[in-house]
Novice: 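Supplied in C-alpha cells, the structure appears directly below.
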Amino acid sequence: MRITRTVPARPVPLIALAVTTAGSLLLGPNAAAAEPRPPVHREAALDQQAARAPLSAAQRALTGAGAAPEAEAALGDDSRGYPRRHVLTPDPENPVDKSLKLGLTPYHAIAPKLNALQALGDRVSVEVAGRSAGGHRLYLVTVTAPETARQARAQARMRELIEQAPALAAKSPEIKRTYKAPVFLNNNIHGNEWEGTDASLRLIERLATAKDAATRDLLSRSRLYFNITANPDGRIAGTRTNANGFDMNRDFVTASQPEVRAMRQIMVAKQPAVMLDLHGYVNGTLIEPTTPPHGENYEYDLFLKNTYANALGMEAAVNGLGYTPAGDGVQPAQIPFRDQEEGWDDWPPIFTPQYAAFHGTVAAHTVEIPLTVNNRAYDTLPVTELRRRSAINVDVAGAALRATLDFVRSRHASLVADQIEVFRRGAAGAAQVPVSAETVPGVPGIGPEDVYTTAFPRAYVIPAGTRRPATAAARLVDHLLANDVRVTRASHSFRLGGRPYAEGSYVVDMRQPKRGLANALLADGRDISDKVSAMYDISGWSLGRLWGAPVEILPGMPYGGVLRPVRAASPVAYVAPRGDLRLRLDDPNEVAALNSLLREGVEARRAADGSAIVPGSARRQAREAARRYDVAFHATRLTGTVPLQRTRVAAAVTAGELFALREMNFEVTPVSTDVLNAGFDWSSTDVLFVSAGLEHDDLNPAARTALGTFLGRHGLVGRGATGAALNAAAALLAVKPVEGNGDANGVVRVVNSGGGVTAGASDHGFVYAPLWFTDLGPSVRAEQRYATGNPLLSGHWRPLDDGTGGPTNAAGQASVVSGPHAVLFGTEPLFRDHPKGEFTQVARALLAMAHTIDTSRKRLPNR
C-alpha cells in the first residue's frame, strides 16, 4: 500500500489541496491554498447549466465554415522537410480578450509572435492545424533541427514501421540511430487556464536560438510539436469551454468538436512518445500519473514506468523554482499516484493524456499549475495580484516543459523502444503485463488496487443485414477509422462459431497495433462501483452499446481471404426509383434528413410505426437528403396518418444536448429562467425541451403565466430532475420522480415498451445522475424501464449511505414515461453529444409533443 496523505470520507479530486472552481477573495500570497474544493464530477456544474451557444458557432463546427485564409496543414504530409515557412495573416486586435488583464498573450498577438519566431532561424515551423468552433485558427508549431525532404520521408517511413511492423522496428538499427522521438505539448484546452500557452511561446523562443550542446542534441533526435492554444474561443472569452459550450477534455471518445478532431489528427499523424497537457489550477502543482482506477486497455506497465519517472523530474523542477507557501502562496508539487488514494483517476479515455496513450504515448501527463486566476478570482482580485499569480504559473508551466524535454533527451532510446513494445503487443495479441514492483521497478507503492487489465477478444464484428440502420454502422466504422483503428469488410458471407455473417459485415481484428483504443471504444466496459467510492468523471462510454449499430464479439477470424481492408465505410444513401418513400427514424441522420425536407416544404406524414412517409413527388429532394445525410428512402405503400411539419424547439438544455438537437436539424432557440423572465415570445415555438437552467419557482409572474399558457396548448419534453420538476409544477404528467445517486453514471440495460418514443430503440442507455418514475397515473405510459436485477452494465453507480439511490432501487422502474402532454426522461440520451443510438428517442418525443398537442393550431408555413 502506498504512503498517502489523509483521505477524506468523501474523496474529491484532491486530497488536502484545492482545485479551483472559484477564486479566493483573500489577497495575500497564501490565498490560493484556501480555495474551495470542487464537486467529485468536475464537469457537474457545466452539465447543469442551460446552453447558450449561438447557432452560428454550431454551424461553423458542423459545416467547417469560417476558415482562415491560410490553408490548413496536411498533418500527414511527409513530402516536405523542415522548416516549413508559413507566414500567418494577423488577426484584428481584440481589446476585450480576457488574457490581457492577466498580462498574458492575447489570441490576436499569437500570429505575429509565431511569425517572429519562425524568422529567428531554421528550427521553428508554424502550420494551421484546423479551426475552432468559433472560427479561430489552431496553430501547430514544430521545433526540430532542419530536415531535407528526403530526411522527412525517412522519418515518416520509420514512424510507419514502428506502428505497422513493430517487431521489425524493434530490430531496426536505423530507428535506434536516427529516429526523432515525437513529443506533443498541448496548451490551453480549457480556455480559462491560460498560462501553458505563454510558457510554450517562451520555450519555443529559447529553443529557436539556443546554441548549447544539450539543445542541439535534443532537436537532432526529437521533434517537438506545440499546440499553442487548443481552445482559442475560450482563451478570448475567459471560459473553460469552446464556442459550442463543450469542455473538450471530455470529448476524445466522441470527437464532436473540431478542436478535438484537430488534436486527434496530430496524435495520429505524429505518434508522440511523450505528451504534456497543461492545465490549472491545483495548489500545489498536480503532476500525473493518477490514482486508481487505471484504464484497463492501456499497456499500463510501460505507461506508469515512464509517466512516473517524468513526473519526478517535473516535480523537482517545479519545486526547484524556489516558490514557498509562506512567501508566494505556492505549495509543493504533488503526484497523485504517490500522494493520494483515489479521486483523480485515468479510467476513461475522454481526457487528452489518456487518449494519447492509445496512440503509443508512453509518458503522458495532465499538469495542473498552482495559482488561481480564473472564474471568481478573475473578477474579484486586483490586477496586480492576478498578474503576480499568472507570472508564477507561467514559470511553473515552463519548468514542467523544460523538465519533460530533459527527460526526452535522456531517455530517447527507451521511450522509442517502449512505444514500439506497445504496438508489438497489440499486433501480436500478447497478454498485458500487470503492474507490480517487479514489472515496474522504481515506482513505489504499487498495490493490487493499481492492477487493471482486460481480456481482449479475438475480433469484433458489426454485422450487415440487421434491423438496425446501416447509417449507424457506417458512422461507427468511419469513427473507428478516424481514430486509426483498422477495419475490414467481408467480400462475401461467412460462418464462424456456428453463426452466419452476411456479405458487407465489418470486422475489427483485435490483433492490431492500436487494439487498446479499439477495445476502449467497442467493449461494454466494466462496472467499477466496488473499486472506488466515487469517480472524477464518467466511467462508461461504450460505442458498441450506445452508437446504434450492433457490435458483437467474434470467437476467431474468418479464413479464405474473405476480408478486405477499408478506408471508409460504404455509402448508405439510397432512394427507391418509384412510389412513395419511407424514411425510418431510428437514427439521428434520418431525423436530420426529415427535418431538412420539412424545412424545404415537403409534405411528409408520420406512419403508425413512427417512420416518416415522403411523397414520391419529392424524390429530387429525397435524393439530396439521402446523399447529404447518408440515409435510405425505401419504397412503401404506407400513406401515414399525422401530418409532419417544422418543429421549432425552445430548449433549456446542456451544451451537449443543444449540439445534438442541432445535428438533427431541429430549429432550436436556447432559453433559460433569465430568458423567460426577460419576456419570451412563445409564438414561434412548437415544443419545450427542459433539462437544465429553467426553474419554475424562479420565474416572475408574467413569465410563469406565459409558460403556463404555452404548456396548455403545447407539449413538454423533460429530462432529469429539472425537467421532472417543471412537469410537476405544470401538472402535466402524473408521476413521482425519484432521484438516484447524483454521482452515478454509465451504460445501463433497459427494456423498451415499443411505444412511439422508444420504438426500435436499443436495449442500452446512458445515465448521469439517474432518475426514475413511480406512481404512474392512468394516462401515463412507461416507454422504457431499467432492467431488473442490476441494470448497470459499465460505469460507477453506488447506493447512497442510507441504501437508496442505487441501481437495484432503479431496477424495473420506468426510465422514460409519456402521456398526452409530456415525455420525461430519467436517462441521458443526448449526453455530451455522445450516445448517438439514443438520440432518436428525444427526436420522436419532440415530434410527438409538437404535432399532437395543439390540434387547433394552423399549419405553419414551411419556410
Novice: Kindly state whether the ring of Tyr300 and the ring of Tyr452 have centres lying under 6.0 angstrom apart.
Specialist: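 No, ring centres 6.0 Å or more apart.
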Novice: In this structure, is the centre-to-centre distance between the rings of Phe358 and Tyr298 below 6.0 Å?
Specialist: yes
Novice: What residues form a side chain to side chain donor-acceptor pair (under 3.5 Å) with Ser570, not counting sequence neighbours?
Specialist: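 If we apply the side chain to side chain donor-acceptor pair (under 3.5 Å) test to Ser570, skipping adjacent residues, the hits are Arg489.
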Novice: Contact between His834 and Leu543 at the side-chain level, heavy atoms closer than 4.5 Å - yes or no?
Specialist: yes
Novice: Output, in order, the C-alpha distance, side-chain angles, deciding distance and verdict of side-chain contact (heavy atoms from CB on, under 4.5 Å) for Asp78 and Gln155.
Specialist: CA-CA 8 Å; Asp78 297 299; Gln155 289 294 316; over 6 Å; no
Novice: Asp763: what forms a salt bridge (charged side-chain N to carboxylate O under 4.0 Å, His left out) with it, not counting sequence neighbours?
Specialist: none
Novice: Output yes when Asp609 and Arg584 qualify as a salt bridge under the 4.0 Å nitrogen-oxygen rule, no when they do not.
Specialist: no
Novice: What I'd like to find out is whether the side chain of Ile350 reaches to under 4.5 Å of the side chain of Arg832, using heavy atoms alone.
Specialist: yes
Novice: Is there a side-chain contact between Leu481 and Val485 in this structure, where contact means two heavy atoms from C-beta onward sitting under 4.5 Å apart?
Specialist: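 They are not in side-chain contact.
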Novice: Between Asp509 and Arg458 (salt bridge meaning N to carboxylate O under 4.0 Å), is one present in this structure?
Specialist: yes
Novice: Does any part of the side chain of Tyr460, heavy atoms only, come nearer than 4.5 Å to the side chain of Val507, both counted from C-beta?
Specialist: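 Heavy-atom side-chain distance check fails, nothing below 4.5 Å.
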Novice: Is it true that a side-chain atom of Gln432 and a backbone atom of Glu296 form a donor plus acceptor pair closer than 3.5 Å?
Specialist: yes
Novice: Salt bridge or not for Glu657 and Arg719, using N-O below 4.0 Å?
Specialist: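 Yes, Glu657 and Arg719 are salt-bridged.
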Novice: For Arg844, which residues count as a side-chain contact (heavy atoms from CB on, under 4.5 Å) partner, sequence neighbours excluded?
Specialist: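 Counting only residues at least two positions away or on another chain, Arg844 forms a side-chain contact (heavy atoms from CB on, under 4.5 Å) with Leu585, Asp586, Ala759.
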Novice: Does anything in residues 618-629 form a side-chain hydrogen bond (donor to acceptor under 3.5 Å, both in side chains)? List the pairs, not counting sequence neighbours.
Specialist: Glu624-Arg627, Glu624-Arg628, Tyr629-Asn665
Novice: Please indicate whether Gln164 has more than 12 foreign heavy atoms, meaning atoms of other residues, nucleotides or ligands, lying under 6.0 Å from its CD.
Specialist: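 Counting other residues, nucleotides and ligands, CD of Gln164 exceeds 12 neighbours.
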Novice: Restricting to side-chain contact (heavy atoms from CB on, under 4.5 Å), what partner residues turn up for Ala169, sequence neighbours left out?
Specialist: Leu161, Ile162, Ile175, Ile420
Novice: Can a salt bridge be assigned to the pair Glu160 and Arg157 using a cut-off of 4.0 Å between side-chain N and carboxylate O?
Specialist: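 So Glu160 does not pair with Arg157 through a salt bridge.
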Novice: Establish, for the pair Arg261 and Phe252, whether the NZ or CZ atom is under 6.0 angstrom from the six-membered ring centre and no further than 45 degrees off its axis.
Specialist: no
Novice: Does Pro550 reach the side chain of Pro463, with side-chain heavy atoms less than 4.5 Å apart?
Specialist: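 Pro550 reaches Pro463 side chain to side chain.
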Novice: Asp580: which residues meet the salt bridge (charged side-chain N to carboxylate O under 4.0 Å, His left out) condition with it, sequence neighbours left out?
Specialist: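 Testing Asp580 for salt bridge (charged side-chain N to carboxylate O under 4.0 Å, His left out), a comparison that skips the adjacent residues, returns none.
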Novice: Do Arg599 and Glu667 have side chains that approach each other closer than 4.5 Å (heavy atoms only, starting at C-beta)?
Specialist: yes
Novice: Would you say the side chain of Leu793 lies within less than 4.5 Å of the side chain of Val748, judging by non-hydrogen atoms?
Specialist: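 The answer is no, as the side chains (C-beta and beyond) never meet within the 4.5 Å cut-off.
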Novice: For the rings on His796 and Trp347, is their centre-to-centre separation under 6.0 Å?
Specialist: no
Novice: Centroid separation under 6.0 Å, is that true for the rings of Phe766 and Trp541?
Specialist: no
Novice: Does any N or O in the side chain of Asp251 come within less than 3.5 Å of the main-chain N or O of Ser256, such that one atom is a donor and the other an acceptor?
Specialist: yes
Novice: Hey, are the side chains of Val508 and Arg486 touching, using non-hydrogen atoms and a 4.5 Å cut-off?
Specialist: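 Answer no - side chains too far apart.
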Novice: Got a second to check how far Tyr355's OH is from Asn249's CG, nearest 0.5 Å?
Specialist: 13.0 Å
Novice: Among Glu299, Gln271, Glu163, find the residue that satisfies the side-chain contact (heavy atoms from CB on, under 4.5 Å) test when tested with Gln419.
Specialist: Gln271
Novice: Go through the steps to decide whether Tyr506 and Thr488 satisfy the test side-chain contact (heavy atoms from CB on, under 4.5 Å), and finish with yes or no.
Specialist: CA-CA 6 Å; Tyr506 293 100; Thr488 59; over 6 Å; no
